[in-house]
Amino acid sequence: HNTKFIVSGGDDTKVKVWSNETGQCINTLVGHKNAVRSVVSIRDTELIVSGSDDKTIMIWNYFTGQCINTLSGHESFVRQVSLLPDSQLIVSCSDDQTVKIWQYYPCLLYTSPSPRDS
C-alpha cells in the first residue's frame, strides 16, 4: 500500500520496515511475544498492522517505531491481517476459527460468531 517502504515479519517476533529505494532496514518494531505471521501497511499513513502467534494484532507507527494499540480478542494464533479498501477496517483471521473486523480509529471490534457458537 505504500511504495516508499516494504514491511516484513518473522519468527524472531519483530516487524521490520525496509526502504524500497535502498533496501536498507529503516526501523525494527519490537513488541510481539511470538512469531509475526502477517503485516500490512495502511495506505497514506505511517501505520502498520501486524498479526502474531501471540494472539494479538498490533498497530504501529513505522516512523517512530511505537506501538499505538494492541488489539486482543483472538483465542489462538492470528494467521492473517488485511485491510478493507477505502475504510478504517482491519480484518483478522485466527486458528480459533474466527474472523474479526476491527475499526482501527477509534479501535472497536466487530466480530463474527465462532463456529462453536452456531
Side-chain angles (χ1 to χ4, degrees):
H1 287 120
N2 191 322
T3 57
K4 294 182 182 178
F5 64 89
I6 298 168
V7 294
S8 66
D11 288 340
D12 64 357
T13 75
K14 298 174 180 143
V15 175
K16 294 203 174 196
V17 182
W18 305 88
S19 168
N20 196 28
E21 296 172 0
T22 67
Q24 298 293 316
C25 183
I26 300 168
N27 212 340
T28 300
L29 314 179
V30 178
H32 281 295
K33 294 175 176 55
N34 211 324
V36 177
R37 297 294 174 203
S38 184
V39 185
V40 64
S41 62
I42 299 176
R43 183 186 315 258
D44 299 325
T45 72
E46 294 179 347
L47 300 179
I48 293 171
V49 179
S50 59
S52 171
D53 283 359
D54 66 9
K55 307 176 192 175
T56 66
I57 297 156
M58 298 180 99
I59 302 173
W60 307 86
N61 180 307
Y62 83 84
F63 186 73
T64 66
Q66 289 184 307
C67 177
I68 296 168
N69 207 339
T70 301
L71 308 175
S72 300
H74 282 294
E75 296 175 12
S76 190
F77 302 153
V78 177
R79 291 297 181 193
Q80 184 73 37
V81 292
S82 297
L83 302 172
L84 291 180
D86 302 318
S87 73
Q88 293 186 343
L89 299 177
I90 300 165
V91 179
S92 61
C93 64
S94 166
D95 280 359
D96 65 11
Q97 299 182 1
T98 63
V99 172
K100 297 190 183 297
I101 300 174
W102 312 80
Q103 182 175 327
Y104 66 84
Y105 186 80
C107 287
L108 300 170
L109 169 62
Y110 306 95
T111 187
S112 63
S114 167
R116 297 180 299 264
D117 298 336
S118 301

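These numbers come from a predicted model, not from an experiment.
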*Are L83 and I90 close enough, and set up right, to give a side chain to side chain contact (heavy atoms under 4.5 Å, CB included), and what steps lead you there?*
CA-CA 5 Å; L83 302 172; I90 300 165; 3.8 Å; yes
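- Here the closest non-hydrogen pair linking V78 and G51 is CG1-CA, 3.8 Å.
- Residues I59 and L71 meet the side-chain proximity criterion, which asks for heavy atoms closer than 4.5 Å.
- Minimum heavy-atom separation, C93 to V99: CB-CG2, 4.2 Å.
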*asked:* Run K55 and D96 through salt bridge (charged side-chain N to carboxylate O under 4.0 Å, His left out) and show every step you take.
replied: CA-CA 10 Å; K55 307 176 192 175; D96 65 11; over 6 Å; no
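- Between the side chain of S94 and the backbone N or O of S76 there is at least one donor-acceptor pair closer than 3.5 Å.
- Smallest separation of non-hydrogen atoms from K100 and G73: CE-O, 3.2 Å.
- Contact annotation: the side chain of V91 never approaches that of V81 to less than 4.5 Å [non-hydrogen atoms, C-beta and beyond].
- The line from OH of Y62 to OG1 of T45 is 8.5 Å long, rounded to the nearest 0.5 Å.
- Side-chain contact between V17 and L29 is present, with heavy atoms from C-beta onward closer than 4.5 Å.
- With a 4.5 Å cut-off on side-chain heavy atoms, H32 and M58 count as touching.
- With values rounded to the nearest 0.5 angstrom, K4 atom NZ is found 9.5 Å from E46 atom CD.
- Note that CD of Q103 and CG of L84 are 11.0 Å apart. Values are rounded to the nearest 0.5 Å.
- What you find for N34 and S52 is that their closest heavy atoms are O-OG, 3.0 Å.
- Considering only heavy atoms from C-beta on, V30 comes within 4.5 Å of K14 through its side chain.
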*Before giving the answer on side chain to side chain contact (heavy atoms under 4.5 Å, CB included), spell out for I26 and W18 the whole-Å C-alpha distance, their side-chain angles and the decisive distance to 0.1 Å.*
CA-CA 5 Å; I26 300 168; W18 305 88; 5.9 Å; no
*Going through the distances and angles, do W102 and I57 end up as a side chain to side chain contact (heavy atoms under 4.5 Å, CB included)?*
CA-CA 10 Å; W102 312 80; I57 297 156; 3.4 Å; yes
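- Residues I48 and F5 meet the side-chain proximity criterion, which asks for heavy atoms closer than 4.5 Å.
- Exactly one of D95, T98, D54 qualifies for a side chain to side chain donor-acceptor pair (under 3.5 Å) with H74. That residue is T98.
- With rounding to the nearest 0.5 angstrom, the CH2 atom of W60 is 11.5 Å from the CG atom of N69.
- In this structure the side chain of R37 reaches within 4.5 angstrom of the side chain of D11, judged on heavy atoms.
- In this structure the side chain of T56 reaches within 4.5 angstrom of the side chain of S72, judged on heavy atoms.
- Using a cutoff of 4.0 Å between basic side-chain nitrogens and carboxylate oxygens, R79 and D53 are scored as salt-bridged.
- Here the shortest heavy-atom pairing between A35 and T13 reads N-CG2, 4.2 Å.
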